[in-house]
Amino acid sequence: MQTTAIKMKRRKQRQRRLTALAIMAVAALLALAYLLMSLYFKNHFFFRTEVNGLKVGGKTTAEAEEKIAREVGDYLLTVQGRDGASYHVMGREIGSSYVPDGSLERALEEQNMFAWLPALFRENQIDVPTPMIYEEEALRQTVAALPCFVEENIVHPVNAALERTENGYQIQPEVMGNELILDQVIAYVGEAVNDGAGTVVLPDEAYVNPQITRDSPALVETLGRVEQILQAEVTYQIADYDEKLSAEQIFRMLQVGEDYSITLDEKKLADFVQGMASKYNTYGDVRQFDTSSGDTVAIGGGDYGWVIDKEKEALQLKADVLSGQKVSREPVYSQRAKVEGLEDIGDTYVEVDYTKQHMWYYEEGQLKLESDFVSGNIAQSNGSPDGVFKIVYKKSPAVLKGEDYASDVEYFMPFAYNVGFHDASWRDKFGGNYYKTSGSHGCINMPGDKARQLYEMLEVDTPVIAYYREHIELTAENCRISNAYSYVKVSDGDEPQ
């Protein structure tokens with residue numbers, strides 16, 4: 001019995017050893033198989049591996065590269081523009097061919113050969129460059145034939161600019177457009193093909209771009225300058241008037257050049273100043289004058305009154321506007337009257353009634369002197385000039401000279417060229433109708449004491465209003481020069497009537 005038990009025990013021990021040996025043998029075989037597979041994947045890609053979308057599982061790098069090379073004919077490069085449009089370049093169109101660069105070898109070296117078993121249960125994606133070479137002329141022709149280079153598809157760039165609106169200026173933004181530079185596109189596409197890229201996004205450098213954008217300093221500064229100028233205002237200080245150059249008028253004159261120069265339209269500026277002169281100049285205006293006799297006469301001509309210097313006023317106005325400031329000033333005058341306002345004669349003046357041969361001198365509305373006189377000889381075409389004048393100067397004593405005479409006088413007060421008030425010691429009668437046939441050469445002959453009194457009271461620039469009550473035609477040279485109201489030109493060869 002004991003012998004049998006021992007035998008049974010030994011048999012079981014032997015079976016266990018055999019089983020263990022079997023297990024060890026299987027494990028060894030499995031380990032060997034795993035090792036052999038691991039050694040296989042040292043030179044082969046895991047199953048279910050894709051390189052750039054191509055299945056290369058179980059292939060060596062050489063085999064994978066060969067497959068990639070076969071697929072190069074189907075290579076497609078997508079070219080994306082900034083306007084959202086996409087264009088395509090095919091490998092076969094540009095004669096492309098794959099040029100391995102060691103990327104696959106490096107990818108395989110990075111593969112853990114011992115991890116092949118877990119890799120069986122997942123997809124292994126590998127992205128590596130697939131550099132290619134191409135035929136340069138074929139690439140140029142292919143790119144040049146893309147729809148983006150067809151004229152009807154091209155939107156050319158437009159510079160940002162100042163745009164004139166109804167009442168101001170604003171920046172018109174630039175148009176970027178989609179006009180591509182062929183050589184630039186060829187360069188970017190060629191680089192993408194060399195890298196084996198599937199997509200290339202064209203940068204702004206590949207485009208013809210606007211040179212001036214909405215943020216360009218020159219444009220922004222010009223708009224600011226324009227806006228400042230449109231805030232300008234010129235108010236004229238003219239008594240009894242309210243005259244102003246408004247922002248609207250400035251806007252109509254404003255001109256902005258393509259070089260961002262800012263100026264004013266010279267014609268519109270001159271028109272405005274001319275309008276000012278027409279409105280405010282009183283030189284030579286026909287006036288309704290209330291006489292000392294109680295009636296009203298119309299008298300114009302002469303050289304008295306306000307005169308705007310149009311050229312200088314235009315220059316000053318232009319400077320004021322371009323300064324962008326609010327300015328208040330009087331116009332630039334070339335001649336000023338004694339009194340500002342609508343009634344520029346005022347209440348201090350000399351009134352001369354040639355028809356009545358009588359004069360009056362008023363000072364601040366008060367009659368200070370009146371006198372008969374003898375004026376220019378009508379029969380000899382020496383009629384005295386009529387109009388509105390001013391005392392030019394005073395001289396005592398003086399010598400009056402003409403072509404055929406020279407007369408000494410104590411007091412001389414000219415108002416119209418060489419015509420003026422003076423004493424006439426050679427006369428003993430004044431007033432009446434002496435002037436028609438035996439008058440002066442044009443001056444106003446006065447009694448000595450009256451001339452003296454007038455000389456003592458009268459100031460230079462005092463207005464002189466001289467008029468006839470009947471129609472008369474004056475032809476003397478002093479009447480022409482002094483802009484006499486009744487002056488008429490005599491044709492050459494005609495005798496004065």
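The chain is numbered in sequence order, starting from 1. Keep in mind that what you see is a predicted model, and the values were worked out from it rather than measured.
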**OP:** Mind telling me whether His422 and Phe412 have parallel, tilted or perpendicular rings, with 30° and 60° as the class edges?
**Re:** tilted
Subject >> Test item: Ser381 side-chain N/O and Ala476 main-chain N/O as donor-acceptor pair under 3.5 Å >> reply: no
Subject >> Side-chain donor or acceptor of Asn433 paired with backbone N/O of Lys436 under 3.5 Å >> reply: no
When you compare the side chains of [X] and [Y], does any donor N or O come within less than 3.5 Å of an acceptor on the partner?
X	Y	answer
Gln237	Glu330	no
Asp353	His358	no
Tyr241	Glu340	no
Gln80	Thr199	no
Glu93	His88	no
Gln231	Glu227	no
Ser261	Asp259	yes
Asn478	Ser482	no

Subject >> Spacing of Gln325 atom CD and Ser323 atom OG [to the nearest 0.5 Å] >> reply: 5.0 Å
Subject >> Summary of salt bridge (Lys or Arg N to Asp or Glu O under 4.0 Å) pairs that have at least one residue in residues 170-180, sequence neighbours excluded >> reply: Glu174-Arg214
So does [X] pair up with [Y], basic N to acidic O under 4.0 Å?
X	Y	answer
Asp461	Arg336	no
Lys318	Glu266	yes
Glu221	Arg225	no
Glu477	Arg480	yes
Glu136	Arg140	no

**OP:** Determine, step by step, whether Tyr304 and Tyr283 satisfy the ring-ring contact (aromatic ring centres under 6.0 Å, His included) criterion, reporting the C-alpha distance in whole Å, the side-chain angles of both residues, the deciding distance to 0.1 Å, and the verdict.
**Re:** CA-CA 5 Å; Tyr304 181 81; Tyr283 177 94; 9.6 Å; no
**OP:** Would you please test Tyr354 and Tyr467 for ring-ring contact (aromatic ring centres under 6.0 Å, His included) and show each step?
**Re:** CA-CA 6 Å; Tyr354 289 128; Tyr467 56 87; 7.8 Å; no
**OP:** Go through Glu370 and Lys450 one step at a time and tell me if the salt bridge (charged side-chain N to carboxylate O under 4.0 Å, His left out) criterion holds.
**Re:** CA-CA 8 Å; Glu370 62 178 306; Lys450 296 292 186 179; over 6 Å; no
Subject >> Minimum heavy-atom distance Thr222-Ala218, with the two atoms named >> reply: OG1-O, 2.6 Å
Original post:
Is the gap between the ring centers of Phe430 and Phe373 under 6.0 Å?
Top reply: no
